[in-house]
K.L.:
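Quick one: the structure is below, and I'll ask about it shortly.
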Amino acid sequence: MVIGNKISSSPAIINTPFGRKSPRQAIALISDHGDPAAEIGREEAGGQNVYVRQVGEALAKLGWQVDMFTRKVRPDDAAIVQHSPYCRTIRLVAGPEEFVSRDALLEHMPAFVAAFQKFQAKEGLNYPLIHTNYWLSAWAGLQLKQQTNVQLVHTYHSLGAIKYQTVEAPASAKARLLVEKEILEQAQCVVATSPQEEEALRQLVSLGGHVQVIPCGTNLQTFRAIPRADARAKLGISAMEKIVLYVGRFDPRKGIETLVRGFAKVVESSAEPVRLMIVGGSEPGQSDGIERDRIGALVEELGIEDSVTFAGRQGHDALPVYYTAADVCVIPSHYEPFGLVAIEAMACGTPVVASDVGGLKFTVLPEETGLLVPPQDVDAFAGAIGRVLGDELWAKKMRKRASERVQQNFSWGSVAVQLSDLYRRLLAQSLSDELLVAPAKTIAYSASGAVAMANRTKVS
Ligand code: UDP
């Protein structure tokens, strides 16, 4: 039975950290490499980690017991992190307890599936619905679906078919493209985070399967405009200086090089002092260090080191100060399935100049909340940044419109309500299907079967 958005049907009995039994329906979110409990902004930790964590916590508030599964990458990391009474991250040991790049993770996925099954058995759980994130988790979800009668929901976060148009395809590309097609055709529902993603799925992946558009969200309590003078004072920025901001990971597909080259042109042509603040990145020695060093070298080569600040990784609690202090936030990605940074910046009332790609076409309204320009076009970025910096009256209008747009359309609360409705519909559907046909036999987990599938999807 469903009351509003609260769930009370077929509940699992869960032990909470307080020793109580929970009558809540347990569901699993799988995010193999995107640890929902990780520090965001370092190595490969970015939007996917934020999405799973925020969706998980918001779903728990709506009445679900949410278990979020990821791969353990450090021996010292806790096996279970309890975020709230009904929402936890569970780190499964699958392969070495160290960072492994996504391109090399497939071989550890059979062990991940086995660890997931073991955890379920140990806790006496049987998740009737699993929401997978990224293609590696989709691979795990498809395995689990073969073995039990589970409702499968999937969010891509990134599509190989688009990504490989701009970067060299790694060895895992063939397997990825196969899994991305299979999950679309076999999952009960795929969640596209923008109409643009839905269109790309239909054009590039498959016409089969069900797709529902549910956008990403942002935390409106955290990301909101604060007085600009206060934000600038906190960062030690003078009122005279114009600030161009980048927030995100150091990854070549993020297009930081385009921004830096464009910014050098803005410095050249601007009569006022301008500064580029680059937020994000790990400590030296981490996997994203190569790109960080490359960008640092480019800044020196262009002779703009006095106008560029590398602010390092900042938590979500600190980011609103950066967004509010900035005159414009730039997202120069070659490809961006959604782009959380765009809505975070806009929620703080900062206009966005972004590449005219993917989800950015959906979130940024040209001339109203920012500008869209062709990706990798240095002159176009320089021109668009210059336009926003040079017209204070227009920028003021955009600041207001930007924060309204996010408040009206992109809160995690509303994302969770839409996901919750979808889950309830799928679970209700599977219950009525079960009443019509003999119950599906639960097949015991077979590690050898999983390995065989992994091998089948490996590139020869
Ligand atoms: N982020 C952060 N601290 C940093 C850099 C980035 O918290 O130093 C967060 C940022 O606020 C956003 C996420 O990382 O929530 C990046 O998500 P987005 O969708 O923009 O890009 P992705 O990382 O998924 O490519």
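Order of listing sets the numbers, starting from 1, for every ligand and every atom in it. What you see is a predicted model, and the numbers here were worked out from it, not measured in a lab.
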K.L.:
Indicate, as side chain, backbone, both or neither, the part of Ile331 found under 4.0 angstrom from ligand 1 when only non-hydrogen atoms are considered.
P.N.:
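Contact part for Ile331 vs ligand 1: neither.
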K.L.:
Using a strict threshold of under 4.0 Å (side-chain N to carboxylate O), is an ion pair present between Lys397 and Glu368?
P.N.:
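So Glu368 does not pair with Lys397 through a salt bridge.
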K.L.:
Only one of Arg53, Arg91, Arg74 passes salt bridge (charged side-chain N to carboxylate O under 4.0 Å, His left out) with Asp35; say which it is.
P.N.:
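Exactly one candidate clears the test, Arg91.
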K.L.:
Can you list the atoms of ligand 1 that are under 4.0 Å from a heavy atom of Gly339?
P.N.:
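Those qualifying, in numeric order: 19 (O), 20 (O).
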K.L.:
Identify which of Gln48, Arg249, His316, Gln314 has a heavy atom lying nearest to atom 4 (C) of ligand 1.
P.N.:
Gln314
K.L.:
Counting only heavy atoms not in Arg401 (residues, nucleotides, ligands), do more than 12 fall under 6.0 Å from its CZ?
P.N.:
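More than 12 heavy atoms, drawn from other residues, nucleotides or ligands, come within 6.0 Å of this atom.
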K.L.:
Establish, yes or no, whether a centroid distance under 6.0 Å links the rings of Phe263 and Tyr246.
P.N.:
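Not under 6.0 Å, so no.
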K.L.:
Is Glu301 salt-bridged to Arg294, going by a charged N under 4.0 Å from an acidic O?
P.N.:
no
K.L.:
Please confirm whether Gly315 comes within less than 3.5 Å of ligand 1 when only nitrogen or oxygen atoms on both sides are compared.
P.N.:
no
K.L.:
Between Arg261 and Glu257, is the closest basic N to carboxylate O distance under 4.0 Å?
P.N.:
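So Glu257 pairs with Arg261 through a salt bridge.
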K.L.:
Can a donor-acceptor pair be found, under 3.5 Å and without considering hydrogens, that links the side chain of Asn49 to the backbone of Gly46?
P.N.:
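Here the side-chain-to-backbone pair exists.
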K.L.:
Where does Arg313 meet ligand 1, judged by heavy-atom distances below 4.0 Å: at the side chain, the backbone, both, or neither?
P.N.:
both
K.L.:
Touching ligand 1 at all, Lys254? Heavy atoms, strictly under 4.0 Å?
P.N.:
yes
K.L.:
Under 4.0 Å, heavy atoms only, figure out whether ligand 1 is touched by the backbone of Arg253, its side chain, both or neither.
P.N.:
side chain
K.L.:
Record the part of Val50 in heavy-atom contact with ligand 1 below 4.0 Å; permitted values are side chain, backbone, both and neither.
P.N.:
side chain
K.L.:
Show the atoms of ligand 1 that are less than 4.0 angstrom away from any heavy atom in Val279.
P.N.:
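Within the 4.0 Å cut-off of Val279, ligand 1 contributes 8 (O).
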K.L.:
Counting each atom of ligand 1 from 1 as listed, which ones have a heavy atom of Glu344 under 4.0 Å away?
P.N.:
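What qualifies from ligand 1 is 10 (C), 11 (O), 12 (C), 15 (O).
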K.L.:
Using a 3.5 Å cut-off on N or O atoms only, is Gly248 in polar contact with ligand 1?
P.N.:
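There is no such contact.
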K.L.:
side-chain contact (heavy atoms from CB on, under 4.5 Å) between Val388 and Asp327: does it pass, once the steps are laid out?
P.N.:
CA-CA 8 Å; Val388 178; Asp327 293 281; 5.8 Å; no
